[in-house]
Structures are given as structure tokens and as C-alpha cells.
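Written below as C-alpha cells is the structure these notes are about.
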Amino acid sequence: MAPSEPPLVSVRGVRMVFGSGETRVEALRGVDLDVARGELVAVMGASGSGKSTLLHLLAGLARPTQGQVVVDGTDLAALDDDALTAVRRRRIGIVFQAFHLVPVLTALENVALPLALDGVPQAEAEARAAAALDRVGLRARAPHLPSELSGGEQQRVAVARALVARPPLVLADEPTGNLDSRNRAQVLSLLRGLAGEEGRTLVLVTHDADEASVADRVVRLADGRVVEERRGAGRVPAGPA
Ligand SMILES: Nc1ncnc2c1ncn2[C@@H]1O[C@H](COP(=O)(O)OP(=O)(O)OP(=O)(O)O)[C@@H](O)[C@H]1O
Ligand SMILES: [Mg+2]
């Protein structure tokens, strides 16, 4: 990577306020953050510190009250809703704690869905979905419904879905929160392997310090502010078997 290359993600002076009067909550109070192309950054912090709010802003799922969120050269706040939806489908993949697979669709159909919604012809969408399932080691599970898969497998399907449009940025919000330790290590190792591959950049939200060590860099939020930045170990922690 050329040293002069601009960061893939650039967050500047971001504040996020919810509600007003007695219910007013200032979830982010002036956050600056750059993420380099190919980097894996973990965002840590206590419950309520603003991690998910920050991730939602990076995903274009919400707009900041103040400040700038630039992803891959595009200022998300400057886009109208249609343009934002297009950026979300093509340039950002998201993985949530609760998988969010569509229960009546097979693994293959779930992974193909973002492409189908974007107008990609079915045969091409399914071929690309099969390749994405292959990447997460689940090609053989393509015809299965989510209910026929283990939690770890469901989350790997969700990761494949996040990858299928080949977005430069993949965001994951506590992706191992619903998994046992074995599946957790598998998903973490999968995410670790995805960072840098094809220049892909990952932001991983976790409240677990062990898990955060998988990252190249760890950013800690407290009360809506970045209070610490440090290098991560960049490998999957040797947790309990
Ligand atoms: N849509 C919303 N409306 C009002 N307040 C909100 C909203 N979303 C988040 N908040 C508040 O903003 C603060 C930060 O919330 P956020 O979900 O970002 O925390 P978090 O770090 O992800 O916590 P957790 O570890 O529990 O997931 C909290 O005080 C929360 O109650
Ligand atoms: Mg959260």
C-alpha cells in the first residue's frame, strides 16, 4: 500500500444526538477516526459507549448530527437516500450479532439477496453467492435453510452475504456475541482472513478485549469519545477450547 493512499474511512468531528429535552442522549461527542485500506480495526467500549452508533454511521444507516463520515471517497452525509442505499449495497457489507438471515430462504438465496435487490440477473447472483459461500467454507450448505444450520454456520452465511457484492468495507457489530467459543474462534479467524484480501477493510465492534486483539488496531470508546488507540496483535486469540 502506498503511504500516501488516503484512508478508506475517515470520520471527522462526528457528534450524534438522539432525542431532545429530558430524553436527549449524546451518543457520540466528537469522534475522529481513520481506517486505512486493508486494515482491521476493532472498536471496543462498555455498553452504551457509542460503538453501534458509530458503526451505523459508517454503514450509512443513520446520519450524524454533526461532522463528516467519508467512506471510499464519498461523504455519506452529502448523499440523498437513494444514493445512500446504493452505497450500502455495493460498497459496505454488514454483519450483525443476531445474523438476520431470512428464515424462508436457503443459505444460497440469503447470500444472493443483496445482488438480486440490486438487479443482478439470477444466474449470476447465484454463481457469485456460491463463490461467497465457498469463501466461508459452506458451499455444501447452500441448499439449507437457516434453521438447519448451527449458529456458527448461520453467522458464516451472514458473512458471505456481507461479502457477495465485494464491498471494500465490511462492518461487524458483535458478530460472535451469540456464538460458543469454538464457533467464535472460527468466525474471528474468518474475519481476520478477510481483512486485506482484495484490499478489504474491516471494522469489528466488540466489548471483549481478547477478541479485539485479532485487530491490527484497537480503538476504545468511552462515553461517546475515543479514549484510547493501540496496536492489536493481529491474530486470533488462543481462547478456551
Ligand atoms: N435510536 C436511539 N434513540 C435514542 N438513544 C439511542 C439510540 N441508539 C442509541 N442510543 C443511546 O446512545 C448511547 C450509545 O448507544 P450504542 O448502541 O451506540 O452503545 P453500544 O456501545 O453499542 O452499547 P452495547 O455494547 O450495549 O451494544 C446509549 O446511551 C443508547 O441508549
Ligand atoms: Mg451495540
Side-chain angles (χ1 to χ4, degrees), residues 9-35 39-71 76-77 79 81 84-85 88 92-101 151-152 154-155 158-159 161-162 167 169-181 183-185 187-188 190-191 195 201-230 232 237 239:
V9 172
S10 174
V11 173
R12 283 292 170 276
V14 160
R15 292 177 57 239
M16 187 66 170
V17 177
F18 294 109
S20 60
E22 275 183 18
T23 62
R24 187 177 186 281
V25 177
E26 196 167 349
L28 297 175
R29 303 165 185 260
V31 170
D32 297 312
L33 178 67
D34 283 345
V35 184
E39 195 179 20
L40 200 178
V41 167
V43 177
M44 280 192 68
S47 182
S49 57
K51 305 183 297 297
S52 294
T53 302
L54 178 60
L55 210 76
H56 284 158
L57 294 177
L58 295 180
L61 291 166
R63 292 167 196 279
T65 308
Q66 193 182 310
Q68 235 190 0
V69 179
V70 177
V71 173
L76 300 187
L79 301 180
D81 286 351
L84 203 51
T85 301
R88 263 205 317 271
I92 302 169
I94 312 175
V95 181
F96 297 98
Q97 177 172 349
F99 318 148
H100 291 312
L101 299 176
Q154 289 182 60
Q155 192 58 304
V159 171
R161 181 181 55 188
L169 177 63
V170 171
L171 307 171
D173 195 351
E174 310 248 13
T176 67
N178 283 339
L179 302 179
D180 62 27
S181 61
N183 281 304
R184 182 180 150 213
V187 166
L188 276 182
L190 173 61
L191 295 175
T201 303
L202 260 86
V203 178
L204 164 72
V205 163
T206 175
H207 60 259
D208 185 291
D210 244 15
E211 184 161 326
S213 70
V214 77
D216 302 309
R217 186 155 55 98
V218 182
V219 171
R220 198 156 63 82
L221 292 182
D223 216 12
R225 289 195 178 89
V226 174
V227 293
E228 184 192 357
E229 279 197 52
R230 59 178 168 83

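Counting convention: from 1, in listed order, for ligands and their atoms alike.
- Closest to atom 26 (O) of ligand 1, if we only count protein heavy atoms, is Ser47 OG, 2.6 Å.
- Lys51 NZ, 2.7 Å is the protein heavy atom nearest to atom 25 (O) of ligand 1.
- Residue Leu202 is tested with Leu171, Val170, Val214 for a side-chain contact (heavy atoms from CB on, under 4.5 Å); the sole match is Val170.
- When hydrogens are left out, the protein atom nearest atom 31 (O) of ligand 1 is Val25 CG1, 4.9 Å; that is the closest non-hydrogen contact.
- Checked by atom type and distance alone, the side chain of Arg88 pairs as donor or acceptor with a backbone atom of Gly60 at under 3.5 Å.
- No heavy atom of Gly19 sits closer than 4.0 Å to any atom of ligand 1.
- Regarding atom 18 (O) of ligand 1, its nearest protein heavy-atom neighbour is Thr53 OG1, 2.6 Å.
- Protein heavy atom at the shortest distance from atom 6 (C) of ligand 1 is Phe18 CD1, 3.2 Å.
- Formation of a donor-acceptor pair under 3.5 Å by the Asp32 side chain with backbone atoms of Gly13 is found in this model.
- Here Asp208 pairs with Arg184 in a salt bridge; the nearest charged N to carboxylate O distance falls below 4.0 Å.
- For ligand 1 and Gly50, the ligand atoms under 4.0 Å from any heavy atom of the residue are 14 (C), 18 (O), 19 (O), 20 (P), 21 (O).
- In this structure, atom 29 (O) of ligand 1 is in close contact with the protein, since a protein heavy atom lies within 4.0 Å of it.
- Note on Arg24 versus Glu22: no salt bridge recorded, every NZ/NE/NH1/NH2 to OD/OE distance being 4.0 Å or above.
- At least one N, O or S atom of Ser52 sits under 2.8 Å from the Mg ion (ligand 2).
- With hydrogens and angles disregarded, a donor-acceptor distance shorter than 3.5 Å links the side chain of Asp216 to the backbone of Leu40.
- A salt bridge links Arg63 to Asp81: one of the charged nitrogens lies within less than 4.0 Å of a carboxylate oxygen.
- Proximity of a side-chain donor or acceptor of Gln155 to a complementary backbone N or O of Phe96 within less than 3.5 Å is detected.
- Shown here, atom 4 (C) of ligand 1 is in close reach of the protein: a heavy atom of it lies under 4.0 Å off.
- Among all protein heavy atoms, the one lying closest to atom 17 (O) of ligand 1 is Ser52 CB, 3.7 Å.
- From the protein, the heavy atom lying nearest to atom 12 (O) of ligand 1 is Ala27 CB, 3.3 Å.
- For ligand 1, the atoms sitting less than 4.0 Å from at least one non-hydrogen atom of Ala46 are 21 (O), numbered in the order shown with element in parentheses.
- Between the side chain of Lys51 and the backbone N or O of Leu221 there is no donor-acceptor pair closer than 3.5 Å.
- Assignment of Ala62 to the shell around ligand 1 is not supported, since no heavy atom sits closer than 4.0 Å.
- The main-chain N or O of Glu174 is never found under 3.5 Å from a side-chain atom of Thr206 such that the two would form a donor-acceptor pair.
- Assignment of Gly48 to the shell around ligand 1 is supported, since a heavy atom sits closer than 4.0 Å.
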